[in-house]
Amino acid sequence: MREKPRASELLAWYDRHARDMPWRVPPGARKAGQRPDPYAVWLSEVMLQQTTVAAVRGYFHRFTLRWPTVSDLAAAQDTQVMAEWAGLGYYARARNLMKCARTVVAEHGGEFPDTREGLQALPGIGPYTASAIAAIAFGRPETVVDGNVERVMARLYDVATPLPTAKKELTQLADGITPDQRPGDYAQAVMDLGATICTPRNPACGICPWRAPCRARAAGTAPDLPLKLPKKPKPVRVGYAYVGRRADGAWLMERRPDSGLLGGMLGWPGSDWAEIPPAPAPPLPADWHMLTEEARHTFTHFHLRLKVLIADLPVDAAADHGHFIPRDEFRPSDLPTAMRKVFDLAHSAFTAVSTGPAEDR
DNA sequence: TACGCGTGGTG
DNA sequence: TCACCAAGCGT
């Protein structure tokens with residue numbers, strides 16, 4: 001083992017192994033003076049919060065194609081943005097995305113602030129994202145601390161304190177390595193190291209550019225770090241979802257309240273979701289038919305089992321809650337995944353009926 | 001400080 | 001099948 005890890009060692013590795021991403025300026029082009037579009041950096045960083053690169057790529061492509069600038073996004077309709085975000089999860093990010101875009105346009109002339117402090121004052125931009133944008137888009141020497149950095153630092157310095165207690169200590173350790181030169185490339189280099197070499201499981205210590213100064217590698221503790229406090233078990237909640245299809249093909253749906261779980265997203269009418277089975281809650285009287293199979297979905301803090309009921313509704317059906325989405329405006333991809341699973345089951349059941357034996361039609 | 005907040009990949 | 005995990009933020 002050798003003394004202290006140096007940023008230069010990681011930057012040299014990044015020059016050879018940087019991953020190619022649509023929101024990135026590669027290290028060669030960055031040295032030639034090219035800077036990434038702050039809008040693209042912001043959008044990608046928000047999408048990447050607690051989300052994998054693989055999941056983000058397609059969404060980033062569609063968003064930038066549809067809304068090429070922050071002004072375009074600020075002018076978009078809420079429902080369009082929520083529909084485009086559907087499936088990516090953590091929907092408060094999409095609501096804050098619109099708030100942030102509109103603030104940048106209304107209060108900053110359509111240009112993102114170029115300091116960490118200015119950025120962190122915007123909706124949906126916390127300590128990590130503010131530092132990341134400041135470093136990557138504006139070349140500020142800010143220390144970026146995300147899950148990758150925490151893991152890499154915990155291993156480099158063999159920190160046995162469990163997260164989240166260790167966060168402050170790991171931040172200080174990271175701050176001691178952050179360079180004044182190429183802070184943006186350095187931030188992305190640590191992410192790439194954490195994603196490809198210093199991975200949560202089975203780290204590839206043998207080919208790590210920081211293998212020499214890594215204390216956990218010397219101690220043999222790298223695969224076990226960072227330690228984390230045990231998590232609470234997830235309870236099972238149950239509920240009812242009602243998929244009503246009108247004779248003209250329109251679907252009865254609800255826009256969920258703007259805050260809370262799946263806030264602002266489309267959903268099927270139904271009961272509460274609770275550990276003690278709630279009462280059925282049909283949105284209108286009809287010949288509801290319960291499917292044999294339940295829709296199962298796991299959220300951050302509970303497992304959900306939804307009993308799905310379907311019904312054919314007359315063209316003049318009227319519901320107290322919700323509204324009908326015309327057949328040609330309904331896209332399953334606009335729904336959050338839990339609701340799309342419900343639709344998939346219902347759609348199969350509707351299809352099975354309509355293609356069944358002739359005497360059933 | 002602790003919790004609420006999604007989803008898809010992985011071993 | 002299932003727990004764990006991924007570029008956190010807001011309250």
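Predicted model, so just to flag it, every value in this text is computed and none were measured. Each chain gets a letter, A, B and so on, in the order its sequence line appears, and its residues count up from 1.
Between A:D334 and A:R255 there is no salt bridge, since no side-chain nitrogen of the basic residue lies less than 4.0 Å from a carboxylate oxygen of the acidic one. Note on A:R24 versus A:D20: no salt bridge recorded, every NZ/NE/NH1/NH2 to OD/OE distance being 4.0 Å or above.
If you take NZ of A:K99 and C1' of C:dT11, they are 12 Å apart, rounded to a whole angstrom. Rounding to whole angstrom units, CG of residue A:N96 and P of B:dG4 are separated by 19 Å. The separation between A:K232 atom NZ and B:dC5 atom C1' is 15 Å, rounded to whole Å. A:K168 places its NZ atom 12 Å from the C1' atom of B:dT1, with the value rounded to the nearest Å. Atom pair A:W85:CH2 and C:dC9:P shows a separation of 13 Å (rounding to whole Å applied). A:R256 has its CZ atom 12 Å from the C1' atom of B:dC5, to the nearest Å. Distance CZ (A:R237) to P (B:dC5): 7 Å, rounded to an integer number of Å. Per the geometry, NE2 belonging to A:H303 stands 8 Å off P belonging to C:dC2, to the nearest Å.
Between A:F299 and A:F302, a ring centre-to-centre spacing shorter than 6.0 Å is recorded. A ring-centre distance under 6.0 Å is found for A:F330 and A:F343. Residues A:W251 and A:F350 bring their aromatic ring centres within 6.0 Å.
Counting non-hydrogen atoms under 4.0 angstrom, A:T298 reaches a base of the nucleic acid. Among the atoms of the strands shown, only primed sugar atoms or phosphate atoms (P, OP1, OP2) are found under 4.0 Å from some heavy atom of A:A338. A:V53 comes within 4.0 angstrom of a nucleotide base, judged by non-hydrogen atoms across all strands. Nucleic acid contact for A:L88: base, since at least one base atom lies under 4.0 Å from a heavy atom of the residue. No engagement by A:M339 is indicated, since no non-hydrogen atom pair under 4.0 Å with the nucleic acid exists.
Between the side chains of A:Q188 and A:R19, no donor N or O sits under 3.5 Å from an acceptor N or O.
Between A:P164 and A:F302, the one whose closest nucleotide on DNA chain B sits nearer the 5' end is A:P164.
Rounded to whole Å, the P atom of C:dC4 lies 16 Å from the corresponding atom of B:dC3. Between B:dG6 and C:dT1, the distance separating the two P atoms is 25 Å to the nearest Å.
The shortest distance between the side-chain N/O atoms of A:Q50 and the OP1/OP2 oxygens of C:dG8 is below 4.0 Å. A sub-4.0 Å separation between OP1 or OP2 of C:dC5 and a side-chain N or O of A:K231 is present. Between A:Y90 and C:dG10 there is no side-chain N or O to OP1 or OP2 distance below 4.0 Å. The phosphate of B:dG4 (OP1 or OP2) has no side-chain N or O of A:H301 nearer than 4.0 angstrom. Contact annotation: A:K228 reaches the phosphate of C:dA6 (side-chain N/O to OP1 or OP2, under 4.0 Å).
Without hydrogens or angle criteria, A:W85 side chain to A:G89 main chain gives a donor-acceptor distance under 3.5 Å. Judged by distance alone, with hydrogens and angles left aside, the side-chain atoms of A:T129 form no donor-acceptor pair with the main-chain N or O of A:G126 at under 3.5 Å. Looking only at distances, a side-chain donor or acceptor of A:R155 sits under 3.5 Å from a matching main-chain atom of A:L225.
Ranking C:dC9, B:dT7, C:dA6 by closeness to the A:R151 side chain, first place goes to C:dA6. Of the listed nucleotides (C:dC9, C:dA6, B:dG6), B:dG6 has the atom at the smallest distance from the side chain of A:T51.
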Show each protein N/O and nucleotides 8-11 of chain B N/O combination with a separation under 3.5 Å, one pair to a line.
unit_1: B:dG8; atom_1: OP1; unit_2: A:T337; atom_2: OG1; d: 3.4

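For A:T300 and B:dG4, a side-chain-to-base donor-acceptor distance below 3.5 Å is absent, hydrogens and geometry of angles not being considered.
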